[in-house]
Amino acid sequence: MVTNDNFMKLMNTLGTSAIIDLLDRTWDTPEGEIFRDYGFEIIDSRVSEEESDRIYSELWSKHA
């Protein structure tokens, strides 16, 4: 069984670009929300707030 902590650890093993790709591929899926929640938590810890906001805005605009 995958727990939230295990999921976060697994996501954290991915590079930032791989997380962004995963967010892009899952954006419009039922599980997309959890990927965004954890993915952006990790991205926020790796890049500046401005860069994180830019990435989110770019993905949101692409999928809006």
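Of the charged side-chain nitrogens involved, none lies within less than 4.0 Å of a carboxylate oxygen, so that Asp5 and Lys9 do not count as a salt-bridged pair.
Between Arg46 atom CZ and Glu41 atom CD the span is 11.5 Å, to the nearest 0.5 Å. Rounding to the nearest 0.5 Å places CZ of Phe7 at 11.5 Å from CG of Asn12. Atom CD1 of residue Ile20 and atom CG of residue Leu59 lie 7.0 Å apart, to the nearest 0.5 angstrom. Atom CG in Asp21 sits 10.0 Å away from atom CG in Leu14 (nearest 0.5 Å). Atoms OG1 and CD1, from Thr29 and Ile34 in turn, are 11.0 Å apart once rounded to the nearest 0.5 Å.
Each of Leu23, Ile43, Asp44 was evaluated against Ile55; a single residue qualifies, Ile43, per the side-chain contact (heavy atoms from CB on, under 4.5 Å) test.
Qualifying salt bridge (Lys or Arg N to Asp or Glu O under 4.0 Å) partners for Glu51, counting only residues two or more places apart in sequence or in other chains: Arg54. Evaluation of the salt bridge (Lys or Arg N to Asp or Glu O under 4.0 Å) rule for Lys62 yields Asp24 as partners, not counting sequence neighbours.
Atom CD of Glu31 sits in a crowded spot, with more than 12 heavy atoms from other residues, nucleotides or ligands closer than 6.0 Å.
Contact annotation: the side chain of Met11 approaches that of Phe35 to within less than 4.5 Å [non-hydrogen atoms, C-beta and beyond].
Tracing side-chain contacts under 4.5 Å through hydrophobic residues (I, L, V, M, F, W, Y), one reaches Met8 starting from Ile19; they form part of the same cluster. Cluster annotation: Tyr38 and Trp60 are assigned to the same hydrophobic cluster (Ile/Leu/Val/Met/Phe/Trp/Tyr, side-chain heavy-atom contacts under 4.5 Å, transitive).
Centroid-to-centroid, the aromatic rings of Trp27 and Tyr56 come within less than 6.0 Å.
Without hydrogens or angle criteria, Ser61 side chain to Ser57 main chain gives a donor-acceptor distance under 3.5 Å.
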